[in-house]
Amino acid sequence: MADSSSPLPPLCERISHKSYLLRAVDLTILGLLVSLLLYRILHVNQNDTVWVVAFLCESCFSFVWLLITCIKWSPADYKTYPDRLDERVHDLPSVDMFVTTADPVREPPIIVVNTVLSLLAVNYPANKLACYVSDDGCSPLTYFSLKEASKFAKIWVPFCKKYNVRVRAPFMYFLNPPAATEGSEFGKDWEMMKREYEKLSKKLEDATGSSHWLDAEDDFEAFSNTKPNDHSIIVKVVWENKGGVGDEKEVPHVVYISREKRPNYFHHYKAGAMNFLVRVSGLMTNAPYMLNVDCDMYANEADVVRQAMCIFLQKSVNSNHCAFVQYPQDFYDSNADELTVLQLYLGRGIAGIQGPLYGGSGCFHTRRVMYGLSLEDLEDDGSLSSIATRKYLAEESLAREFGKSKEMVKSVVDALQRKSYLHNILKDSLEAAQEVGHCHYEYQTSWGNTIGWLYDSTAEDVNTSIGIHSRGWTSSYIIPDPPAFLGCMPQGGPHAMVQQRRWATGLLEVLFNKQSPLIGMFRRKIRFRQSLAYLYVFSWGLRSIPELFYCLLPAYCLLHNAALFPKGAYLGIIVTLVGMHCLYTLWEFMSLGFSVQSWYASQSFGRIKTTCSWLFSILDIILKLLGISKTVFIVTKKTMPETKSGSGSEKSQGEVDCPNIDSGKFEFDGSLYFLPGTFIVLVNLAALAGCSVGLQRLSPRHGGGGSGLAEACGCVLVVILFLPFLKGMFEKGKYGIPLSTLSKAAFLAMLFVVFFMGN
């Protein structure tokens, strides 16, 4: 329990980042957009139908910017003081840590192992931690890797705590040798640890290509005759910290789980796996707080758990009813600059309203909140109200909501009543854990509906997040330096397109399901501006339509000899708007230390993902709403830099060997994702070529004037933004656009040119 004495310094404080200058810039851009819309309304009768299309597109852009302005109005985050935690808290709460993986090929076990090792070594009492790894691929290789990693952890964890190692993921820590340590005790220990890690890596690498180890132990019998989508429940205690007292040589519990999956049962992807993790951990350790990370997001800050506890245990924050603490998702490659900027400016903005959105990884949850509690269910001291006690703790209600497992019901009661967990032998809970992992266990219960991670969307994170905020809870945002967690983004090509489509589809699913902010904006306990923030995020996929049209409008106007932009002095509205937006976004990037090239790459990829990847999310959601097909969760490929040997590797953390960092090349394949972008480039090039040789329509049909330099500049700007596609037309191999895609795009471009020049 935290000491509530007022003279003591706080464990955390809320930091406001309001800027009246940035507010003025946001409002100025909004004003320019409104001015442009008014101009189009006043001159709509003097221009072609393209004027109406442009008006509709710009109305969408104006609405999006209005949402952005509302979101960024009062940015905030939290600063924590973990060094004060021991003075204020006599008994730190337990934390269950969840790591999810689903495919040993796309998510190699060595990546999972490094994430697990980084979590096991955090600066927190080992007897208060338990790490659960959910393997939805039911891979014996993943289980074997965890067993080997648990052995290595017995020397890795004490090493990290003895020398206060900052980066506790071995693959990253051993990239650079320490300076001038030869002959010292630390130097000898470092060399020994590096050798042991290389042995572990080699063993896992050899195991990937051979299965002889499967027959070496009876422990792998449960994996015989299993398939990723057809297997029984497997729950194994890899390592148990029996009778631990929390000293620096202890290693937290490690548990491997794989829920039952059958071809004729819908398993709800990651959300289903997370709910199984909640149930198994509730039976075994039942910690009041739960951390979930993706398998490639290692803990980069040793005090990450202590920082989150500063939020949960600070009474001034608890009075605001904080349900979860979210850290930004940072990456050790340079493919995610746009996401970094988005999280800092928009993320802080959302955090200043009702709290950040749950991002799917790097988040600490409160178990009681995930069990469906609302604010009205609690008294001022945090205990259950009398009404909530009758509602939640009635035996029939518990069995109906949480399932028929008596052990599960008992653990839920203990969690809701905040009873401290008594250390039991984990293996005694294996039978109960098997019971709650069956496919049919959740049938006619509230799991995925009002309890745990919510179903009905592949974006289970924000779907769950809006459910929590709709019950009145708040959340907190911490942006530590160094970053709390680091991962690797997919390369800027097919893998990135798949991920972006999955995100956009999942977000649209929430927009059209019962959690939609359009439905709950005025009826639930979620704040109005928080609903606007969710609306901005959920509508990402819908933005693909106006952006696609707007990328084609300059080419259409050049070919059709129609005016797209205002003439004369009113052209200044467009010039000022584009200039201000470019300078504003450039400042956002450069203020964080990113280069102009990084800013351009972000702007370019922003247009590419919107018009190419997000476009297909609309098709996905239409097919789902019509009942023709269901959305599919596709696991994206994870990669990691290789550990270098020798002292010549002097690379900083931001310069590690991750694929496609500095090449500046975009990868292509034969998928349809790259057809819209190729089509856009070819159409705009054709329009520029036609204009230069005088092939455009001779005279405009309306009195608003014909096309001119402004429309030509618009075509040039579109080509610049889609420059990776222009380069791809002349490249070969994976950096070149396949001939099949080029042929299809060229045919569509030819139809576009012929049709609009002839009409």
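Quick note: residue numbers are just sequence positions, from 1.
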Using the ring centroid of each side chain, check whether [X] and [Y] are separated by less than 6.0 Å.
X      : Y      : result
Tyr298 : Phe171 : yes
Phe324 : His469 : yes
Tyr78  : Tyr477 : no
His365 : Trp453 : yes
Tyr289 : Phe364 : no

So, using salt bridge (charged side-chain N to carboxylate O under 4.0 Å, His left out) as the criterion, who are the partners of Asp294 when residues are at least two apart?
Lys270
Residues in salt bridge (charged side-chain N to carboxylate O under 4.0 Å, His left out) with Asp189, at least two apart?
Lys162
Is there any salt bridge (charged side-chain N to carboxylate O under 4.0 Å, His left out) pair reaching into residues 277-292, and which pairs are they, with sequence neighbours excluded?
Arg279-Glu442
So the salt bridge (charged side-chain N to carboxylate O under 4.0 Å, His left out) pairs with at least one residue in residues 351-366 (sequence neighbours excluded) are none
Please confirm whether the backbone N or O of [Y] pairs with a side-chain atom of [X], one donor and one acceptor, at under 3.5 Å?
X      : Y      : answer
Arg168 : Val165 : yes
Arg259 : Asn275 : no
Asn286 : Ser411 : yes

Would you indicate whether the side-chain heavy atoms of [Y] and [X] approach each other to under 4.5 Å?
X      : Y      : answer
Val413 : Leu398 : yes
Val255 : Ile257 : yes
Phe98  : Val293 : no
Met309 : Val89  : no

Residues which pass side-chain contact (heavy atoms from CB on, under 4.5 Å) with Leu129, listed by chain and number, not counting sequence neighbours
Val95, Met97, Val122, Tyr124, Pro252
In Å, rounded to the nearest 0.5 Å, how long is the span from CG of Leu141 to CG of Leu146?
10.0 Å
Between Tyr81 and Arg84, is there a cation-pi geometry (under 6.0 Å to ring centre, at most 45° from the normal)?
yes
Among residues at least two apart in sequence or on other chains, which ones pass ring pair (Phe, Tyr, Trp, His ring centres under 6.0 Å) with Phe276?
none
Assign the ring pair Tyr197 / Phe152 to parallel, tilted or perpendicular, where the plane angle (0 to 90°) is split at 30° and 60°.
tilted
One pair to check against ring-ring contact (aromatic ring centres under 6.0 Å, His included): Phe174 and Trp190. What are the steps and the verdict?
CA-CA 9 Å; Phe174 291 119; Trp190 189 92; 5.5 Å; yes
Glu191, Glu196, Glu198 screened by side-chain hydrogen bond (donor to acceptor under 3.5 Å, both in side chains) with Lys194, the one that passes
Glu198
Taking every heavy atom of Asp377 against every heavy atom of Gly372, the minimum-distance pair comes out as OD2-O, 4.4 Å
